[in-house]
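Letters A, B, ... are given to chains in the order of the sequence lines, protein chains preceding strands, and every chain is numbered from 1.
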Number of protein chains: 2
Amino acid sequence: MVNPAKFDRQQVVEQAMLLFWQKGFHATSMRHLQQAVDLRPGSLYATFGSKEGLFREALQQYAAHGERLLAQLHAQEGSALRALQLFFHQAIIEQGGRAPSRMCLLAKTVAELTDANAELLAEARCQLKRMEQAFLRLLQQAQADGELASGCLPEQLAPFLQMQMMGLRAYMQMSCDPATGERMLQQVFMPLRVVPS
Amino acid sequence: MVNPAKFDRQQVVEQAMLLFWQKGFHATSMRHLQQAVDLRPGSLYATFGSKEGLFREALQQYAAHGERLLAQLHAQEGSALRALQLFFHQAIIEQGGRAPSRMCLLAKTVAELTDANAELLAEARCQLKRMEQAFLRLLQQAQADGELASGCLPEQLAPFLQMQMMGLRAYMQMSCDPATGERMLQQVFMPLRVVPS
DNA sequence: TTTGAACATGAACGACTGTTCAAGGCATAA
DNA sequence: TTATGCCTTGAACAGTCGTTCATGTTCAAA
């Protein structure tokens, strides 16, 4: 390497991701991004090729962070079901005001983009499916551990959970009331509890 | 009236609404709109004032159509709970491919816009709340008619239903599988059924 | 037929979009 | 020290954005 770049690529993607998360793809201009990551257009285009290229990496980084968090919660809690519940609580209640948006960046992207950005749309859909598969593995683990009512079907519950995650965060974006969020969260996880016989 | 306009205002708003619904606020340009409604910029700006003004009317027309449909279903079915279920089925399964987007325009708007378009964002939130109140009235009616388990609390169920409506449509935008949609729809309405004693 | 107000038209505005590129700075290898 | 390649810089490009406005058209009332 003759003259290595002076910036940290991952840090740049992180900053860009936060801006995209806040404003969405179309409303985030390259000029905004250039200012946020303190790079001139030439460096950005040499590194990521295009606005789409930068956004793609932002999506991947966002999804990777989510998967990492879920695995970490599972590791530190031991219980798979409790990890899922904490993950939901974190996404919907705790990070509520601090994050750039109450909604999931992937869901926002699926909502905003069309076939005009087919590759980005496919990327977001794919990453959402990956999260759903992570849910599925945890549900199967929970059932094996007897945490989840044996009558439940994890293959049906995983999409249902993903759907409710998207719904909860979209609803919070609409109403912003943490009490309602907390209550709905309980309504989501109530039927998963094992009934004491 | 000296020289009445030659176009039908409601028809213009309808066309604009369909375009906004498909592409979102930012990705829909005034040039696109001008072409879609076959009006020159002067006429559009004389009528609606701005892109935001046109979008606001599109939001209102969309929401009004939803409320009208729900009331119509209630009238023709008699049953409040059945009206709700049909409304969900229509939004999620039937209109799936035909509509400009699988998602609700109001939810898409809440997902896309920020404080940079504070009034439009408030309008979309307000219309979503109106729909939730329509859900509430139907749930109360259903409970009074004995269709809804008496243990349910409509004040808690209405936001929960709204949340799941947003989630279902966002999920369909991601995965587009009608079988999964149908199954999740059943999962949503299952707990509302009265248990035969 | 003349008048005048409402409506229709489309060229044009300044600002902003994503992107390119020639020029200069820098750090390593010779 | 010189030479060689990568990196950085910021002006500039063509295109599009939302919006305006002078001009032309239309039509009921006078």
Name every residue in residues 26-57 of chain B that has at least one heavy atom under 4.0 Å from any atom of DNA chain C, in order of residue number, or write none if there are no such residues. R31(B), R40(B), P41(B), G42(B), S43(B)
Members of residues 113-121 of chain B that approach DNA chain C, where some heavy atom sits under 4.0 Å away: none
Kindly write out the residues that satisfy side-chain contact (heavy atoms from CB on, under 4.5 Å) with T114(B), not counting sequence neighbours, or none if the list is empty. A116(B)
Residues in side-chain contact (heavy atoms from CB on, under 4.5 Å) contact with A71(B), at least two apart in sequence or another chain: none
Is it possible for you to check whether K51(A) lies under 6.0 Å from the centre of the six-membered ring of F25(A), through NZ or CZ, and within 45° of that ring's axis? yes
Within a strict 4.5 Å, meaning less than it, do heavy atoms of the L59(B) and F20(B) side chains meet? no
What's the NZ-C1' distance between K6(A) and dT28(C), to the nearest Å? 12 Å
Roughly how many Å is it from CZ in F7(B) to P in dA6(C), rounded to a whole number? 15 Å
List the residues meeting salt bridge (Lys or Arg N to Asp or Glu O under 4.0 Å) with E147(A), not counting sequence neighbours, and say none if there are none. none
Examine the side chains of S101(B) and Q173(B) and answer whether a donor and an acceptor come within less than 3.5 Å of each other. yes
According to salt bridge (Lys or Arg N to Asp or Glu O under 4.0 Å), does anything in residues 64-92 of chain B pair up with another residue at least two apart or in another chain? List the pairs. E67(B)-R130(B), E77(B)-R82(B)
Taking it one step at a time, do E123(A) and T109(A) satisfy side chain to side chain contact (heavy atoms under 4.5 Å, CB included)? CA-CA 10 Å; E123(A) 180 71 37; T109(A) 300; over 6 Å; no
